[in-house]
Amino acid sequence: MDPILEIRHLDVDYGLGDRAVRAVRDVSLTLHRGEVLGLAGESGSGKSTLAYGLTRLLAPPGVISGGQVIYHPASGEPYDVLSLSDNGLRQFRWAETAIVFQGAMNSLNPVHKISTQLTDVLKAHEPSMSEHTRQARAREMLKLVGISPDRMDAYPHQLSGGMRQRVMIGMALILQPQVVIMDEPTTALDVVMQRQILGQLIELRERLGFSVIFITHDLSLLVEFSNRIAIMYGGRIVEEAPAATLYRDALHPYSKGLLSSFPALRGPRRELAGIPGSPPDLAAMPAGCSFHPRCPRAFEPCSVTIPVLGRPDATGRTVACWLHPSADAADSPGVSVASGEH
Amino acid sequence: MRYFLQRIAFYLFTAFAAITLNFFIPRLVPGDPVQSLIAKYQGQISTQAIQSLYVLFGLDKKQSLWSQYIDYWKQILHGDLGLSFTFFPAPVSQVIGQALPWTVLLVGITTIVSFFLGTGLGVLAGWRRGSWTDGLLPVTTFFSSVPYFWLGIIAIYLLTGPGSFFPSSGGFDSGLVPAFDQYFIPSAIRHSLLPALTILISSVSGWILSMRNMMVTVASEDYITVAHAKGLSERRVALSYAARNALLPSVSGFALALGFIVGGTLLVEIVFSYPGLGFTLVQALGAKDYPLMQGIFLVLTISVLVANLLADVAYLLLDPRTRKEG
């Protein structure tokens with residue numbers, strides 16, 4: 001499969017200098033054409049920061065302190081999003097990579113009609129398009145996400161939460177982007193609405209062929225809706241595997257913990273268990289593997305040396321855990337800078 | 001529309017209450033205007049004249065309070081506000097009519113300029129926060145806390161005097177007759193510069209501060225991030241998304257400020273002896289000129305109510321959430 005978005009060794013900090021909080025560290029992740037890549041982790045694991053970072057939407061004091069985000073356009077040479085000019089970035093945004101944000105309630109400007117908010121994207125990116133065509137396109141998008149086009153002149157407060165999030169999805173697809181990042185798109189909605197909207201989105205993806213980065217803390221949703229899942233903890237990716245593989249046979253103790261914290265709909269009954277402790281303070285990370293204070297299976301190297309992502313077997317999955325050392329040892333010797341930088 | 005009618009009904013009721021109060025308050029104050037007029041003319045008024053003065057001022061002792069009240073309403077509806085003592089025998093409406101344009105032009109223009117200038121600078125300072133515009137803030141905070149009459153006194157002290165371009169008092173050169181000609185208008189403008197500047201400097205800061213703070217608040221809203229993510233131009237995000245929403249509280253403040261234009265900035269008018277309504281009110285107070293005071297209060301009340309109504313309408317237009325149905 002062709003890669004469409006390659007994140008290479010991305011580092012994102014909040015603040016500068018010694019007191020900076022390292023929210024995302026050395027994340028490398030590849031999104032392939034037409035795939036749904038799930039990104040899961042607890043609150044504060046850096047998953048949203050990663051999404052904001054790769055579109056350069058970080059609010060100050062967030063800064064990208066290293067890495068590359070290589071985007072492969074449908075035609076033309078791949079380029080690094082992080083080194084685009086302001087103008088280039090404006091053109092890249094939404095036209096190539098659109099985002100559906102967390103807060104369905106607050107993503108729409110309350111004082112503008114939704115038609116205005118749908119068409120101003122077109123105005124910015126396709127200035128030559130006539131007003132009539134813009135309106136028609138906006139209507140078409142509303143119809144696509146299952147909202148009657150006669151709601152064009154409605155204001156956001158006249159729509160329900162689910163409808164607003166559908167409008168946002170329609171808005172995200174209006175320029176036919178290659179990549180859609182969904183940052184907890186259904187968190188504010190009830191469970192029935194969640195499924196309905198996600199189901200619709202997956203169906204649209206099959207029809208329109210865009211790729212999705214789906215960020216959520218709800219691993220059960222990912223297991224159902226994504227092709228591949230990456231698990232984040234303490235700003236790093238700790239495991240990455242095809243969804244089914246991860247569900248059946250998670251290697252990292254943290255992934256196992258996440259999986260056993262929600263019930264399965266089918267299959268044998270099993271005990272539900274949470275993960276003891278709480279997510280690490282990003283400003284004062286434990287030395288070694290950041291999960292070791294909470295890990296039921298921690299042993300000697302865990303508190304000393306940070307494990308790097310390695311391939312434990314020949315299937316191509318990766319995991320960063322001393323329990324599952326890389327099969328090809330030469331590939332990853334481990335980073336022995338116990339993160340005592342603070 | 002129904003909401004709008006409700007508002008209008010509310011304002012009519014408020015106006016009625018205010019006018020009623022306006023009728024009673026002078027009658028509750030000890031002393032009466034005829035007595036003070038007699039004192040003013042020091043016994044040169046005959047007994048018959050005194051009786052007719054009572055009738056003239058609507059204070060006829062033979063009449064009941066109720067019929068006085070009814071007469072008062074009749075007069076008001078005819079636009080008759082009685083006679084002024086200070087400018088006797090000029091009717092109050094004429095005195096107000098002469099003072100009003102001065103105030104409305106001076107304070108009106110400065111209020112409008114101040115709002116647009118301050119809001120514009122506030123948008124800039126809020127959007128570019130962290131840049132040089134933050135240097136504006138201590139200065140604006142300082143000026144918004146300085147009382148404007150003090151600023152006026154300082155301005156008179158520093159900038160006027162023999163041979164200065166700026167006159168220290170009045171609305172026009174004393175040798176001129178108010179008329180729209182090439183002598184009077186430049187003179188009036190020259191006289192208004194210092195008071196205008198004084199009001200502008202002290203009021204613009206408030207607009208800058210409130211707009212900047214709203215911009216900073218709005219800038220952290222999700223829809224601003226979305227607007228950035230949509231790849232809209234910086235200008236469009238700043239104006240159509242951030243400033244458009246941050247403007248709402250300022251607009252109602254502006255409409256209210258318009259209501260207080262008529263009251264004038266009393267102290268500025270006193271400091272500069274500017275022939276506006278505020279200055280006239282002070283004269284009326286000094287002379288216990290009840291009809292004139294009542295007249296001025298009436299004009300004030302009505303303008304504040306009209307401004308409130310304007311604020312309501314502006315809000316209906318600008319914020320769709322306040323509309324009941326859509």
Separation between CG of B:D222 and CG of A:L108, rounded to the nearest 0.5 Å | 10.5 Å

Spacing of OG1 belonging to B:T225 relative to CG belonging to A:D183, to within rounding of 0.5 Å | 11.0 Å

Determine the minimum heavy-atom distance between A:V111 and B:D319, stating which atoms define it.
-> CG1-OD1, 4.3 Å

Sort B:L248 into side chain, backbone, both or neither according to what part of it lies under 4.5 angstrom from a heavy atom of chain A.
-> side chain

Engaged part of B:S220 at the chain A interface, taking heavy atoms whose separation is under 4.5 Å = neither

Count the heavy atoms of every other residue, nucleotide or ligand shown that sit under 6.0 Å from CZ of A:R33, and state whether that count exceeds 12.
-> yes

Answer yes or no: is there a side-chain heavy-atom contact under 4.5 Å between A:P110 and B:Y223?
-> yes

Chain B interface, residue from A:H112, A:K113, A:M171 that has the most non-hydrogen pairs under 4.5 Å = A:H112

Could you tell me the separation between the NE2 atom of B:H228 and the CD1 atom of A:I99, rounded to the nearest 0.5 Å?
-> 12.0 Å

Note: B:G231 and A:A124 closest approach over all heavy atoms is O-CB, 4.1 Å

Reported NZ-to-NZ distance for the pair B:K230 and A:K123, which is rounded to 0.5 angstrom | 11.0 Å

Using a 4.5 Å cut-off on heavy atoms from C-beta on, say whether the side chain of A:M168 contacts that of B:V226.
-> yes

Answer key: most heavy-atom pairs under 4.5 Å with chain B among A:D86, A:L57, A:D120 is A:D120

Residue part contacting chain B, namely of A:F92, when any heavy atom lies under 4.5 Å | neither

Note, A:W94 side chain near B:L232 side chain (heavy atom, < 4.5 Å) = no

Can you say whether A:Q91 sits under 4.5 Å from chain B via the side chain, the backbone, both, or neither, judging by heavy atoms?
-> neither

